[in-house]
Structures are given as C-alpha cells and as structure tokens.
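A quick note: this is a predicted structure, and the numbers were derived from the prediction, not measured. Computed over heavy atoms, backbone and side chain alike; hydrogens, waters and symmetry mates excluded.
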Amino acid sequence: MASPGFFSLELLLNSIGLLSVVWLGLKAAWGLARALRIHVLSWVWKGVDLASYGPWAVVTGATAGIGKAYAHELARRGLNVVLISRSMEKLKQVAAEIEEKHGRSTKVIQADFTHGSEIYEPIRAALQGLEIGILVNNVGQSTDKLLYFLDTDNIDKYIEDMEHCNMLSIVKMTQIVLPQMVARRKGILINMSSVAGHRPLPFQLMYSATKAFDDYFSRALDMEYRSKGIIVQSILPFFVASNMTDKIIKYFKTPAKSFARQALNTVGLTSRTNGCLHHWIQSGYITHLSGIISSS
Ligand SMILES: NC(=O)c1ccc[n+]([C@@H]2O[C@H](COP(=O)([O-])OP(=O)(O)OC[C@H]3O[C@@H](n4cnc5c(N)ncnc54)[C@H](OP(=O)(O)O)[C@@H]3O)[C@@H](O)[C@H]2O)c1
C-alpha cells in the first residue's frame, strides 16, 4: 500500500498533468476559433470597412505581384490608389487597368527604393494634399539565387540595396504618412514582412534579416500607436505567385489576387498574420515541426 506522502505526491502530479492537458486543449481551441474568425468568417464579417479610413490608399511596389493585387483589391473596395514603383510604363499600365476595372482614381509616383533618403522628399511632395487612409508598405527585394553571404555578387551594393528597399522604405513611408493619420486618429499601415522574417533563412540572410526588421518595426509601432486609432498590421506570407517566387519555386504558391483579398479581410482582426488560411496552416505545421527538430 502507498504511504500517505506518496499518495499526495501522485495526486499532485496527476492534477498538474490534467490541468496542463486542459490548458493546452483550451489554448488550441482558442487558436482555432480565432483562426476561423480571422481567415474564414472574415469573408462575410469584415474587421473594418477599409474605405471609411480615408479616400486614398498608397501602395509601394504596386506594378506586379502582391502589391499590384493589393492595389486592385483596395480599388475594388472603393479606395483611390497611389501606385509607387520604378517603371513609369508599368505604373501607367496598372493605373489604367485600375481606373477601367474599378472606376477609381489613381496617381502614380516613380521612385527607386534601393536609393537612400533623397527619394522621400519628392514622394512627400507628390502625396501632399491627399487624405490617406491606408499605406501598404509592400516593396521588397530578394535574390533568386541561394548563396553564402560572402559569395554574393557585388556585395556592397547588394547590402545597401536590401537595407534601403526592404527596411528604409517602410520607415520613411511611415514617417511621411503617419502624421496625418494621427491627426485624424484614423489610419491603417500594412507592412509586408515574410515568414523568412519569423524564422532565419540561411543563404537568403539579408532578405531574412531585413524582413525580421519589418516585423519588429510593425509590432512595436502597433504597440505605440494603437491607442491613437492607428491599425498596424505585419504580414508574414509563405509563397505567393509573383516575379519574386517564379524563379525559386514552381508549386505551393497562392495566387496574388486571392492572397490580397484574404489578407485585406483580416485587417482590424489581427495585427500579425500569415495573410491567409492556407499560409496559417503552413505556419502552424512548420512551427510544430521545427519545435520537434530543435528539441530533438
Ligand atoms: N511572393 C512571395 O511569396 C512573398 C512571400 C513573403 C513576402 N513577400 C514580400 O512581398 C513583397 C512583394 O513581393 P512580390 O513577390 O509581389 O514581388 P515582385 O513580384 O517582385 O514585385 C515587386 C514590386 O515592387 C516593385 N519594385 C521592386 N523593386 C523596386 C524598387 N527598388 N523600387 C521601387 N519599386 C520596386 C516592382 O516594380 P518595378 O520593377 O516596376 O519597380 C513590383 O511592382 C515583398 O516585400 C516581399 O518580400 C513575398
């Protein structure tokens, strides 16, 4: 027969075990319910009415891939759109498509975000007078080759381009647009990080590190400005079909149009998301798998 001391220790351990199982079960159920609200119910029950934040949206890197899809989707939901990219020809083409398809106004700004701070005064001047409800900091670059850091071609330029395009652009565009949003106590900032900013990605380390910066910048900004009526959202997608991923991977890519539509449904419901249900499932799977690998 067990002694009373042993019995009470066994009871204590059993209770801790049971409470842990209940806690993990509740946590999983809460996670699933939240994912259902954010990624499924949001198709019919949106978090916010995007057009009510102001008549204009600004999208950087707006002539292809995810940026172009966001620009179209925002126009479809009733916003006028400012498109910013390097090629004037592509800008005019996308602007014409948006005006024809969605009947909204557009404005184009030609800028190369690999350049330094000097590009932002002309951008500020071009945005003067527009009531901007939404800024989508989408522009970003990666490389199509997986390389050791020191084997990168033209490495000094590469480092500077990645810093400017993937990090400085978000900071400076936010600095330009945020004051008017704070003054109105209303605005949405969407920053395109990547799942590569959540987990280190060797052989694309500058991309991975700059995307981690984007995610941290967004999260801290959200903490600072939430109480001032500003929604800040960090997006960490997996593979979306675009010029960037076309050379890297053939399968498992979400069409950009579908991604933008789903990701915009989540605004106001979550400040940090993989953007769509499919990517949320991939993220859960990878997190679980990497947990097993790192603990084994
Ligand atoms: N695709 C994915 O699977 C994926 C996954 C995670 C995160 N992301 C992030 O999502 C964002 C968009 O990626 P994407 O795949 O849609 O890229 P993409 O297809 O390569 O399109 C990039 C867009 O940015 C513009 N752009 C590129 N470099 C620029 C520069 N230096 N200055 C100004 N505009 C520039 C391009 O237009 P011009 O060439 O005309 O300038 C184009 O409109 C990036 O921040 C990326 O890191 C993408």
To the nearest 0.5 Å, how far apart are NZ in Lys107 and CD1 in Ile84?
-> 10.0 Å
Which atom names give the shortest non-hydrogen contact between Leu74 and Val59, and what distance separates them?
-> CD1-CG2, 4.0 Å
Are the side chain of Asn138 and the backbone of Gly61 linked by a donor-acceptor contact shorter than 3.5 Å?
-> yes
Side-chain (Glu131) to main-chain (Gly54) donor-acceptor, under 3.5 angstrom = no
Arg37 to Leu269 - nearest heavy-atom pair and separation | NH2-CD2, 3.4 Å
Residue set satisfying ring pair (Phe, Tyr, Trp, His ring centres under 6.0 Å) with Tyr53, at least two apart, ordered chain then number -> none
Who are the side-chain hydrogen bond (donor to acceptor under 3.5 Å, both in side chains) partners of Ser169, not counting sequence neighbours?
-> none
Do Thr114 and Glu160 get their side chains close enough for a donor-acceptor pair, meaning under 3.5 Å?
-> no
For residues Gln262 and Thr266, is any side-chain donor paired with an opposing acceptor at under 3.5 Å?
-> no
Evaluate the criterion side chain to side chain contact (heavy atoms under 4.5 Å, CB included) for residue pair Gln233 and Ile188; output intermediate values, then yes/no.
-> CA-CA 8 Å; Gln233 191 183 48; Ile188 298 172; 5.9 Å; no
Would you say the side-chain atoms of Glu99 and Thr106 include a donor-acceptor pair closer than 3.5 Å?
-> yes
Write down the atom of Ala51, the atom of Arg77, and the distance for their closest heavy-atom approach.
-> CB-O, 3.6 Å
Side chains of Lys186 and Met181 in contact at under 4.5 Å (non-hydrogen atoms) | no
So, Gln141 side chain and Met162 main chain: donor-acceptor pair closer than 3.5 Å or not?
-> no
Across all chains, not counting sequence neighbours, the side-chain hydrogen bond (donor to acceptor under 3.5 Å, both in side chains) partners of Lys157 are Asp161
Give the C-alpha distance, both sets of side-chain angles, the deciding distance and a yes or no for salt bridge (Lys or Arg N to Asp or Glu O under 4.0 Å) between Asp246 and Lys253.
-> CA-CA 9 Å; Asp246 279 356; Lys253 293 185 293 187; 3.0 Å; yes
Between the main-chain N or O of Thr270 and the side-chain N or O of Thr273, is there a donor-acceptor pair closer than 3.5 Å?
-> no
With Leu189, the side-chain contact (heavy atoms from CB on, under 4.5 Å) member among Ile231, Val136, Ile230 | Ile230
Heavy-atom side-chain contact between Leu168 and Glu163 under 4.5 Å = no
Val139 backbone acceptor or donor facing Thr60 side chain under 3.5 Å | yes
Between the main-chain N or O of Gln204 and the side-chain N or O of Ser208, is there a donor-acceptor pair closer than 3.5 Å?
-> no
Return each pair, listed once, that meets ring pair (Phe, Tyr, Trp, His ring centres under 6.0 Å) where at least one residue sits in residues 110-131; pairs must be two or more places apart or across chains.
-> none
Would you mind checking if Asp153 and Lys145 are paired as a salt bridge, meaning a charged N to carboxylate O distance below 4.0 Å?
-> yes
If you round to the nearest 0.5 Å, how far is OG of Ser117 from NE2 of His164?
-> 6.5 Å
Would you please indicate yes or no on a ring centroid separation below 6.0 angstrom for His279 and Phe259?
-> yes
Considering only distance and modelled atom types, tabulate donor-acceptor pairs under 3.5 Å from the side chains of residues 234-242, sequence neighbours left out.
{"unit_1": "Ser234", "atom_1": "OG", "unit_2": "Asp215", "atom_2": "OD1", "d": "2.6"}
{"unit_1": "Ser242", "atom_1": "OG", "unit_2": "Met244", "atom_2": "N", "d": "3.2"}
{"unit_1": "Ser242", "atom_1": "OG", "unit_2": "Thr245", "atom_2": "N", "d": "3.4"}
{"unit_1": "Ser242", "atom_1": "OG", "unit_2": "Thr245", "atom_2": "OG1", "d": "3.4"}

So do the side chains of Ile170 and Met192 get within less than 4.5 Å of each other, counting heavy atoms only?
-> no
Can you tell me if Arg184 and Gln180 form a side-chain donor-acceptor pair at under 3.5 Å?
-> yes
Test item: side-chain donor near acceptor, Asp214 and Asn191, under 3.5 Å = no
Applying the salt bridge (Lys or Arg N to Asp or Glu O under 4.0 Å) test to Glu97, which of Lys68, Lys92, Arg104 qualifies?
-> Lys68
Gln93 and Lys90: side chain donor to acceptor below 3.5 Å = no
Spell out, as yes or no, whether a donor-acceptor pair under 3.5 Å connects the side chain of Arg219 to the backbone of Arg272.
-> no
Between Leu127 and Ile123, is any pair of side-chain heavy atoms under 4.5 Å apart?
-> yes
Over 12 non-hydrogen atoms of neighbours within 6.0 angstrom of CD in Glu118 = yes
Sequence neighbours excluded, the answer for side-chain hydrogen bond (donor to acceptor under 3.5 Å, both in side chains) partners of Lys101 is none
